[in-house]
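Heads up, the thing below is written out as C-alpha cells.
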Amino acid sequence: MSALGEALASFRDRVNKDARLRDMNRDWSRLIRVEPSDGTEAFRVSYQEGVMEVDRTLEGSFDIVLRAPEEVLARVFSGEASPTEPYLDGSLTIQGSQEDVLRLDFLSLMIWGE
Amino acid sequence: MKEVVSVSLGSRRRDHTARATLLGEEISLERRGTDGDLEAAHALIRELDGKVDAIGLGGLDVYLVAGGRRYVVEDGRRLTEEAKVTPVVDGSSIKNTLERDAVLRLAAMGVIGESTHVLMVSGVDRFGMAEAFARVGCQTIYGDLMFTAGIPYAVKSLDELAELARKILPEMSRLPLSMLYPQGKAQEVEPVPDPKFAPYYEEADLIAGDWHLIRKHLPTWLGGKTVLTNTTTKDDVTLLRERGVRTLITTTPVIEGRSFGTNVMEGAIVALSGKRPEELGEEGFRSYLERLEAGPTVEILEDPA
C-alpha cells in the first residue's frame with residue numbers, strides 16, 4: 001500500500017474509534033476525493049454520519065476535492081504535518097465550501113492536535 | 001479632546017461616532033468598519049498611528065483564552081504591529097475585568113444563579129464571562145464549535161473547552177479569521193435560524209457572548225429570554241424586541257443608543273490614562289472602571305404583543 005493509502009487507513013481507524021468525534025460530526029456526510037497532484041493513485045474518502053471509509057471508487061461526483069503532492073497528503077493524514085501550513089502556502093488546495101474546509105481541518109486537528 | 005478610533009472588520013453600515021465626557025475629559029469614540037477588508041484595516045491603522053490616542057480592533061480578536069492558555073490570532077497580531085506609536089487594543093482587558101464582573105454582579109443581584117441555563121455562543125473569545133458563569137454555577141453550554149465551525153456539539157464545561165482549545169486553536173488561530181467569524185457584509189444578512197442550534201437557544205434562559213455570533217442563527221422567537229452582549233445598535237435592539245427577547249443586558253456602557261465594543265471601552269481608558277495597556281495592567285483597568293462606575297446596562301424590552 002502507498003504511504004498515502006496507509007496514512008488514510010490509519011486516519012480512518014482513529015476517526016472511527018473516537019465516539020465523541022462521531023457524535024460531533026453526526027450531521028456531516030460528504031464524499032471526498034484525495035488526489036495526489038503528482039500522478040499517483042487517488043482515493044475516495046466517504047464520511048457518513050460520523051463513520052469514515054476509504055476506497056478507490058472514483059466515479060461520480062465529490063463534495064470536496066483535496067489536491068497536493070502525495071508526500072504532503074501522506075504527511076497531513078498521518079499527523080506528521082498540520083493541514084494549515086500547506087493550505088496557507090498553496091501546496092494543498094481544497095475544492096469545497098468554506099464550511100466543509102473548516103470541518104475537515106477540525107477533524108484532522110481533533111485526531112492529531114495536542 | 002481625546003480620540004479613540006475602533007478599526008473594525010465589520011460592516012461599514014454599523015459605523016458610528018459619539019462624543020462623551022468621561023472623568024471630566026471630552027472624548028471622541030469612533031467606529032470605522034472596513035467591510036471585512038483586512039488590507040484596508042492595515043492601511044487605516046497605519047494612517048491613524050500617531051494621530052489618535054488609542055486604536056481599537058473590532059470584528060476580530062488578538063487573543064483567545066481557555067484553560068489558562070492564551071492563543072494568538074495571527075490576523076489580529078499582524079494588525080497590532082501596524083501601529084508604531086499609538087496603542088492598539090482588542091478589548092481583552094475589558095473582557096477580563098468588566099465582563100467578568102458583570103456576570104458576578106448579575107449573580108449578586110439575583111438575575112442569574114445555579115438554576116440559570118446559559119447558552120454562551122463562544123467562550124474562548126470572552127474568557128472572563130465564561131469563567132464567571134462557571135464560578136456562579138450556571139448551567140452553561142459553550143457554543144464555540146457550533147457558532148464558529150457549524151458543528152452541532154455542545155461543550156458543557158470549561159475543562160472540555162480547554163481540552164478542545166489545546167487541540168484546535170494553535171492551528172485554527174492561523175487561519176483567516178473570516179473563516180470563523182462573520183465579517184463585513186456577513187454582518188448585514190438576515191439571521192438564518194438553524195434547526196441544529198434551535199434547541200440550544202430554546203433551552204437557554206440567558207444567551208450570552210458576541211453579538212454577531214448570537215445573531216447569526218437567531219431563532220424567530222425568543223420569548224421571555226435574556227441576552228447578554230454588547231455592540232448592539234438601535235436596529236439590533238429592535239430585532240431582539242421583535243423576536244420576543246424580554247431583557248437585553250449590555251456589558252459596556254450605552255452611549256447615544258449604542259453599546260460600544262470592549263475594544264472601544266479599553267481604548268477609552270488607555271486614552272484617558274495616557275498609558276499603554278501593559279502599563280495599566282488589570283489593576284489599572286479596574287481602577288478606571290470603578291471611577292467610571294462602569295457596569296452592565298439592563299434594558300427591559302417591551303413585548304411586541
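Just so it is clear: chains get the letters A, B, ... in the order the sequence lines come, proteins before strands, and each one is counted from 1.
Contact of Glu74(B) with chain A is not made at all, since no heavy-atom distance falls under 4.5 Å.
Among the candidates Gly150(B), Ala154(B), Ala149(B), Pro152(B), the residue making the largest number of heavy-atom pairs closer than 4.5 Å to chain A is Pro152(B). Note on Asp27(A), Leu88(A), Asn25(A), Ile111(A): by heavy-atom pairs under 4.5 Å with chain B, the leading option is Asp27(A).
Leu102(A) places a side-chain heavy atom less than 4.5 Å from the side chain of Leu175(B). Residues Leu164(B) and Met110(A) meet the side-chain proximity criterion, which asks for heavy atoms closer than 4.5 Å. For the pair Pro170(B) and Leu109(A), the minimum side-chain heavy-atom distance is 4.5 Å or more. Phe106(A) is listed as a side-chain neighbour of Leu145(B), based on a closest heavy-atom distance under 4.5 Å.
Between Leu21(A) atom CG and Tyr153(B) atom OH the span is 10.0 Å, to the nearest 0.5 Å. Here the CD-CZ distance, from Glu163(B) to Arg20(A), works out to 4.0 Å after rounding to the nearest 0.5 Å. The CD atom of Glu85(A) lies 4.5 Å from the CZ atom of Arg174(B); values are rounded to the nearest 0.5 Å.
At most 12 heavy atoms of other shown residues, nucleotides or ligands fall within 6.0 angstrom of atom NZ in Lys156(B). Atom CD of Glu114(B) has 12 or fewer heavy atoms from other residues, nucleotides or ligands within 6.0 Å. Surrounding CD of Glu49(A) are at most 12 heavy atoms belonging to other residues, nucleotides or ligands under 6.0 Å away. When the shell of 6.0 Å around CZ of Arg13(B) is examined, it contains 12 or fewer heavy atoms from other residues, nucleotides or ligands. Heavy-atom neighbours of Glu202(B) CD from other residues, nucleotides or ligands within 6.0 Å: at or below the threshold of 12.
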ask   = Checking side-chain contact (heavy atoms from CB on, under 4.5 Å) for the pair Ile151(B)/Arg26(A): CA distance, chi angles, key distance, verdict?
value = CA-CA 9 Å; Ile151(B) 296 167; Arg26(A) 65 191 182 280; over 6 Å; no
